[in-house]
Amino acid sequence: MKRLYHGHITAALIGALWTLTAAVTVAVAMSFVTGDAFRPAGLVSLVLGALAGIAALYGRLPLAAASLVVAALGPVGIGPVLSQGAGTVAQAVAVLALAAAIALGLGGMLRGLGTGALTRHEFEDAVIRFLTGFGYVFFTAIVFIPFYVMVMTSLKNQQQLVQNPLDFSLDLSQGWHLFDSYVELLTRFNFGSYLWTSFYISVLTVLLTLAFSIPGAYAVARLRFRGAAVFSRSILLIYMVPMIVLALPIYIGYSMLGLRNSILGIVLIYPVTTIPVALYMLQGYFRGLPAEVEEAGLMDGLSRLQVIWKITLPLSLPALASVSLYVFMIAWNEFLLAFMLLDDPSKFTLTRGIASLNSSEIPRQHLMAGAVIATVPIMVLFLGLERFMTRGLTAGSVKG
Amino acid sequence: MTHAVPPRGRGPLAAREARLAWGLLLPTIAIVSAVVILPLIAIFWISFKPIGLADLRPPAPVVRENLRGDGEDLRLQYRLRNSSQDIAITGVTLSDTLPEGLTLRDADDRCTVDGADIFCDLGDLDAGGRDEIELFVTAEGDTGPLGDLAESSPPRLTGDAPNILTNLDFTLENFTRIFDGSEFWGVLGVTLFYTVFGTLGALLVGLFAALLLDRSFRGQGILRGLYLFPYVAPVIAVAFTWIILFDPFSGSANALLLQMGVTRNAINFFGDRPLALVMVTVFEIWRYFPLSFLFILARMQSIPEDMYEAADMDGASPFQKFWYLSLPQLLGILSVLFLLRFIWTFNKFDDIFLLTGGNAGTRTLTVNVYEQAFAVSNIGAGAAVAVVIFACLLLFSVFFFKVISREEGL
């Protein structure tokens, strides 16, 4: 370990690893954008990267020069990213992107390192900076790629998809025909009505959940009664019962009562799956509110219910927003119950509708267009109200 | 002089408060027990029943009524059939009213007639059995419309069949069936692999992500929002995206690997035996790392800054600070998260069901419930698996409550 604490060795090591990361990233990104053949070369990346890392120890200019040279070797056939056969513009972009990634990345990571022996601090700081850079690239890639593939697939047609599965470039000359899959889903596959069904089921679920969980949460949080502790424990326990265990008897019961294939049945069951979560989240928040305010209200002659309505609820609006968002998300994304209980296409929710698209006769750009239609509203809601959402998630959403 | 005694026991105020509390809780308790407790009892009940998907409709007698023949031979014919091929129906009776214009001449022995009302006692109907009653009648007028009239008023039928859901026949067959053979242990092994590695992976990746974002810089909020996407998106959307991305014939991942020369032949990610299980576990990690990341980040930001300053003064290196300061502080949240995620991953159904349908060695216990109940159409066996899952859950939650009462605050 001690032997690593040397400028040249550390720089070469980090240079090699970072250049490999950059090469793979650039190759994957360029492949996905242009559909042309970009290949990272592992061993070459490591060797050339080590050299670039050492160059970084001697100042910015040597690093910039080394990065450009290393990147420019690609089109020739001996660099970190091999790109023969790709378009000239794409090759140039790849070279520049790789050079920038290496130069900026290594410049930041190896900042302040000397050529001689290093202290433990300097070494570890450099390693942490490398890990941070790597982490950003890694996480952004794993999160971004699936969603990118989802959106781009939905904009292509079957022939393009089979021809080159890597080619996600868009033919903008098609104009509005890019959105053919969406138009078809909304007109022929009834997705407009599924959207509406999902929307009002989710809203109803939120309202019913709040109506049941607010009084319950208040009682558990504020009022003293025998069994309060046991009760709040059992809420958590119910929250852990797997849905599939309940889905089976519910299916049987609904079959007998004739509630299968009815929106009423779904609206009856969704709130019950969310009430324990909502109750748990809300009681935590209610406990945090100062009891004195409520006591003042009681002294002034309000009844308990008036206290809840006039004091507690206005104070807990942010928590109510978080809970509502979270419950909305659960109801919107729910799949299992909708899948088991709904068979009639006129009553499908969005998730059930997408499940029905999963057959070999329906082209997969339609399936992906359906996925986009289901994902976009919840994403927009989420990004718009990110603050509430994050709080809601941390407060109660150990569930998944 | 009496001593002032502090009030003991429950005063009227406390009683009123408790009454109010129960009043507020009543709707919740009612609806939750209706949809959670009742199904749980039902599942225990069903798990001891030899019941298949087809038994959900109880056996009943079915009848067809016809006016046949003419003149002397004119007769009202009832043909009965038992809807079930396996179960006999006892005490079958039939009652009907003759329409205007038909008068009875000669009835079947089993029937009694009172004016226009007919009542027939048919005794038992064997499994898959048939029976027939003929009543000779004379018609006043045309038989065509009279026949339609007779057929338009359906006869009332009664009959007792043992309803398999409500009778007291119990069997251990479901349990012997699911525990029989190596399949169950295979399923259990897959479940444990998926649960342990899925949970640990999501925790470690989440910890890494939290360490990355535990600093303020411009765009931190956006990045944090982006990293939560996998969790927030509908599971069905992301699962299908993964299937398409990793498709063996036209998936982008395979095209990329082939082009990069990592592999010569296309890899069937969700179809080959050990690989499919690894892939569903990776999916689980991908989908749920945001959650652990969020929790760990929240905890990290509440660690007091001065501890790190003190460590800096003492000359601790960055790794030492992480190992000796951050990690012990995070241990509480990590253990709670581990247990909760463990339980939830154990219970997970949708993800695997959508990705592989439980094929290629990815059948977990929860997927097995569905397989047994709906694919094999044996509801009893499905319920038995569900009971096993529930027993495991109880076991885990004992652990969980021990830990969580130590680590209050979640």
Side-chain angles (χ1 to χ4, degrees), chain A residues 31 37 39-40 120-121 124-125 128 132 135-136 139 142-143 146-147 149-150 153 161-162 165-166 212 215-216 218-219 223-225 237-238 240-242 244-246 248-250 252 255 269 272 275 304 329 333 335-336 351 354-355 364 367 371 374-375 378 382-383 386 393-394 398-400, chain B residues 17-18 20-21 24-25 27-28 31-32 35-36 39 42-43 56 208-209 212 225-227 229-230 232-238 240-242 244-245 250-252 255-256 259-261 286 288 291 294-295 298 317-319 340 343-344 347 349-350 366 369-370 373 382-383 386 389-390 393 397:
Chain A
S31 298
R39 283 195 290 126
R120 184 171 176 181
H121 264 95
E124 286 182 6
D125 273 336
I128 285 178
T132 310
Y136 286 134
F139 281 109
I142 60 167
V143 171
F147 290 99
V149 168
M150 181 157 100
T153 308
L161 287 173
V162 174
L166 262 183
F212 279 95
Y218 186 83
L223 304 178
R224 271 159 302 169
F225 60 101
L237 195 65
I238 283 176
M240 289 174 200
V241 176
I244 183 79
V245 169
L246 299 181
L248 191 56
I250 287 170
I252 297 171
S255 299
I269 199 82
V272 181
I275 284 173
R304 272 285 180 188
M329 184 190 100
N333 291 352
F335 162 71
L336 172 61
T351 48
I354 298 172
R364 31 183 213 156
L367 182 62
T375 311
I378 200 79
F382 172 74
L383 284 182
E386 195 252 341
L393 287 170
T394 32
V398 211
K399 176 167 184 159
Chain B
E17 194 170 313
L20 178 67
L24 290 175
L25 283 171
T28 306
I31 190 168
V32 168
V35 182
V36 176
I43 206 111
L56 288 184
F208 187 26
L212 282 184
L226 182 74
Y227 288 1
F229 270 16
V232 179
V235 58
I236 186 159
V238 287
F240 282 144
T241 307
W242 272 57
I244 283 179
L245 185 59
S250 53
S252 313
L256 202 62
Q259 183 188 304
M260 290 183 176
W286 177 78
Y288 291 101
L291 213 65
L294 212 56
F295 277 84
S317 77
F319 281 157
L340 272 175
I343 293 173
W344 269 103
N347 290 346
F349 169 79
D350 315 25
T366 46
V369 174
Y370 186 89
I389 293 179
F390 191 69
L393 173 78
S397 55

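Here is the naming used below: chain letters follow the sequence lines, and residue numbers restart at 1 for every chain.
Proximity to chain B is limited to the side chain of A:Ser31, based on heavy atoms less than 4.5 angstrom apart. Only the side chain of B:Val369 comes within contact range of chain A, with heavy atoms under 4.5 Å apart. Proximity to chain A involves both the backbone and the side chain of B:Leu212, based on heavy atoms less than 4.5 angstrom apart. Heavy atoms of A:Leu383 lying under 4.5 Å from chain B belong exclusively to its side chain. In this structure, chain B has a heavy atom under 4.5 Å from the side chain of A:Leu367, while its backbone stays farther away. For chain A, the nearby part of B:Phe349 is the side chain; its heavy atoms alone come within less than 4.5 Å. In this structure, chain A has a heavy atom under 4.5 Å from the side chain of B:Ile236, while its backbone stays farther away.
Remark: B:Ile244 CD1 to A:Met150 CE distance equals 10.5 Å, nearest 0.5 Å. Expressed to the nearest 0.5 Å, how far CD1 of A:Ile275 lies from CD1 of B:Ile31 amounts to 5.0 Å. Atom CD1 of A:Ile142 is separated from atom CH2 of B:Trp286 by 8.0 Å, given to the nearest 0.5 angstrom. Summarising the geometry, atom CG belonging to B:Leu20 is positioned 8.5 Å from atom OH belonging to A:Tyr218; distances are rounded to the nearest 0.5 Å. Taken from OG1 in A:Thr153 to CG in B:Leu245, the straight-line distance is 8.0 Å, to the nearest 0.5 Å. Here the CG-CG distance, from B:Leu24 to A:Leu223, works out to 6.5 Å after rounding to the nearest 0.5 Å.
Contact between A:Ala219 and B:Ala21 at its shortest, heavy atoms only, is CB-O, 3.7 Å. Closest heavy-atom contact between A:Gly135 and B:Tyr227: O-OH, 4.5 Å. Considering all non-hydrogen atoms of both residues, A:Leu248 and B:Ala383 come closest at CD2-N, 3.7 Å. In terms of heavy atoms, B:Phe240 sits closest to A:Ala355 at CE1-CA, 4.3 Å. Among all heavy-atom pairs drawn from B:Ser317 and A:Glu124, the shortest one is OG-OE1, 2.6 Å.
Side-chain atoms of A:Phe335 and B:Pro234, non-hydrogen and from C-beta on, never get closer than 4.5 Å to each other. The side-chain heavy atoms of B:Leu25 and A:Pro215, taken from C-beta on, include no pair separated by under 4.5 Å. In this structure, B:Val238 and A:Phe147 have side chains that are in contact, with non-hydrogen atoms separated by less than 4.5 Å. Using a 4.5 Å heavy-atom cutoff, the side chains of B:Val32 and A:Phe212 are not in contact. Counting heavy atoms from C-beta on, the side chains of A:Ile128 and B:Phe319 come closer than 4.5 Å.
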Next item on the list: Quick one: do B:Phe229 and A:Thr375 satisfy side chain to side chain contact (heavy atoms under 4.5 Å, CB included)? Show the steps, please.
Entry: CA-CA 10 Å; B:Phe229 270 16; A:Thr375 311; over 6 Å; no
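With hydrogens and angles disregarded, no donor-acceptor distance shorter than 3.5 Å links the side chain of B:Thr28 to the backbone of A:Gly216. In terms of modelled atom types and a separation under 3.5 Å, the side chain of A:Asn333 and the main chain of B:Val232 share a donor-acceptor contact.
Contact tally against chain B (heavy-atom pairs below 4.5 Å) for A:Val149, A:Asp125, A:Leu246: the top residue is A:Leu246. For the set A:Thr351, A:Val241, A:Ile269, A:Thr132, the count of heavy-atom pairs under 4.5 angstrom toward chain B peaks at A:Thr132.
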